[in-house]
Amino acid sequence: MLNKYARAFFTRVLTPFAAFLLRRGVSPDAVTLIGTAGVMAGALIFFPRGEFFWGTIVITLFVFSDLVDGNMARQAGISSRWGAFLDSTLDRVADGAIFGGFALWYAGKGDDNVLCAVAIFCLASGQVVSYTKARGESIGLPVAVNGLIERAERLVISLVAAGLAGLHAFGVPGIQVLLPIALWIVAVGSAVTLGQRVVTVRRESAEADAAAAAQGGGATT
């Protein structure tokens, strides 16, 4: 849901920066790689140590590369299947690092096996939600459904909660409870979204098969 509106807004805001990078000879692929590396560093260095505020700051600085690289490619007229593939693949890597960082915290000093399992479920379900759309589209289906919690929602909910929870280190009492709440919301929302996409693919595939059968039957009469 956020993808539709937030992406358009930030694309407009980041267009001048994308043009600046192009003038400096930076390639969209380089921005994709650097952005992913920055997100991974922020998630896997800070989150496992419970430094959620600073980890979120670092991740936020780099996560916008997902919008900048595509903007650069469009401005330069070099959009390609390879760029789209690289961007989508590294998105999965970055998401895995974020929820993996949460899981490492709860498996270690966070000392909460249930929340560790919830974080792992968020990681896995997010990957599967993305896979269902990609797989459905690869067999010729539109997968026309706006899921309850897609990638943008997963990132906003989890990172905002993590950043606020990190204020506990600065003396804000009780605020660390926001991260567990966010992880549960993302977990439940991802499960619902997965169900929405599976149901949609099942319906669309049945309709496509019926249409193909009707065309085949008409050709033999």
Side-chain angles (χ1 to χ4, degrees), residues 1-45 47 55-101 122-159 186 190 193-194 196-197 200-201 204:
M1 290 182 288
L2 286 176
N3 280 329
K4 180 179 178 181
Y5 302 103
R7 183 173 289 271
F9 170 76
F10 283 111
T11 295
R12 291 194 298 271
V13 171
L14 295 170
T15 292
F17 180 61
F20 170 79
L21 292 177
L22 286 171
R23 290 196 297 270
R24 293 298 182 274
V26 180
S27 72
D29 286 354
V31 172
T32 302
L33 292 167
I34 292 170
T36 302
V39 170
M40 292 179 65
L44 297 178
I45 292 174
F47 284 177
T56 300
I57 294 297
V58 172
I59 290 170
T60 301
L61 291 175
F62 285 98
V63 79
F64 286 107
S65 66
D66 186 47
L67 299 176
V68 174
D69 54 6
N71 193 315
M72 291 172 65
R74 287 189 294 274
Q75 288 191 48
I78 55 176
S79 298
S80 65
R81 290 182 176 86
W82 161 250
F85 169 81
L86 180 66
D87 185 57
S88 180
T89 299
L90 293 184
D91 281 350
R92 308 289 81 75
V93 174
D95 292 357
I98 291 170
F99 289 102
C122 290
L123 190 164
S125 60
Q127 306 294 326
V128 176
V129 164
S130 297
Y131 173 80
T132 54
K133 184 173 180 64
R135 183 65 178 125
E137 291 174 343
S138 74
I139 58 176
L141 302 175
V143 195
V145 59
N146 291 321
L148 178 63
I149 291 187
E150 299 181 337
R151 184 173 189 257
E153 287 85 1
R154 290 196 301 271
L155 290 180
V156 169
I157 292 170
S158 59
L159 291 178
V186 171
S190 295
T193 303
L194 178 58
Q196 289 176 304
R197 289 194 173 178
T200 298
V201 169
E204 291 177 348

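Residues Glu150 and Val145 share a closest heavy-atom pair of OE2-O, 3.8 Å. The heavy-atom pair separating Phe47 from Ile98 by the smallest distance is CD1-O, 3.8 Å. When every heavy atom of Leu22 is checked against every heavy atom of Gln75, the shortest pair comes out as CD1-CB, 3.7 Å. The heavy-atom pair separating Ala43 from Ala97 by the smallest distance is CB-O, 3.4 Å. Nearest heavy atom pair, residue Phe62 against residue Gly35, reads CB-O, 3.5 Å.
Expressed to the nearest 0.5 Å, how far CG of Asp91 lies from CZ of Arg151 amounts to 3.5 Å. In this structure, the separation between CD1 on Ile149 and SG on Cys122 is 9.0 Å, given to the nearest 0.5 Å. Taking CZ from Arg197 and CZ from Arg135, the interatomic distance works out to 15.5 Å, rounded to the nearest 0.5 Å. Note: Thr36 OG1 to Leu86 CG = 7.5 Å, rounded to the nearest 0.5 Å. Here the CG-CG distance, from Leu90 to Asp29, works out to 9.0 Å after rounding to the nearest 0.5 Å. Separating the CG atom in Leu159 from the CD1 atom in Ile59 is a distance of 5.5 Å, to the nearest 0.5 Å.
At a threshold of 4.5 Å between non-hydrogen side-chain atoms, the residues Arg154 and Val129 count as touching. Annotation: side chain of Pro142 is in contact with side chain of Glu204 (closest heavy-atom distance under 4.5 Å). Under the 4.5 Å side-chain criterion, counting only non-hydrogen atoms from C-beta, Asn71 is not in contact with Phe17. In this structure, the side chains of Asp95 and Leu155 come closer than 4.5 Å at one or more pairs of heavy atoms. The shortest distance between side-chain heavy atoms of Thr193 and Gln196 falls below 4.5 Å. Side-chain contact between Val26 and Phe20 is absent, with no heavy atoms from C-beta onward closer than 4.5 Å. Two residues are said to be in side-chain contact when any heavy atoms from C-beta on lie closer than 4.5 Å; Val143 and Thr132 fail this criterion.
Although no hydrogens or angles enter the test, the distance criterion places no donor-acceptor pair under 3.5 Å between the side chain of Ser65 and the main chain of Thr32.
Side-chain contact check for Arg92 and Thr89: no donor-acceptor pair (N or O, by modelled atom type) lies under 3.5 Å.
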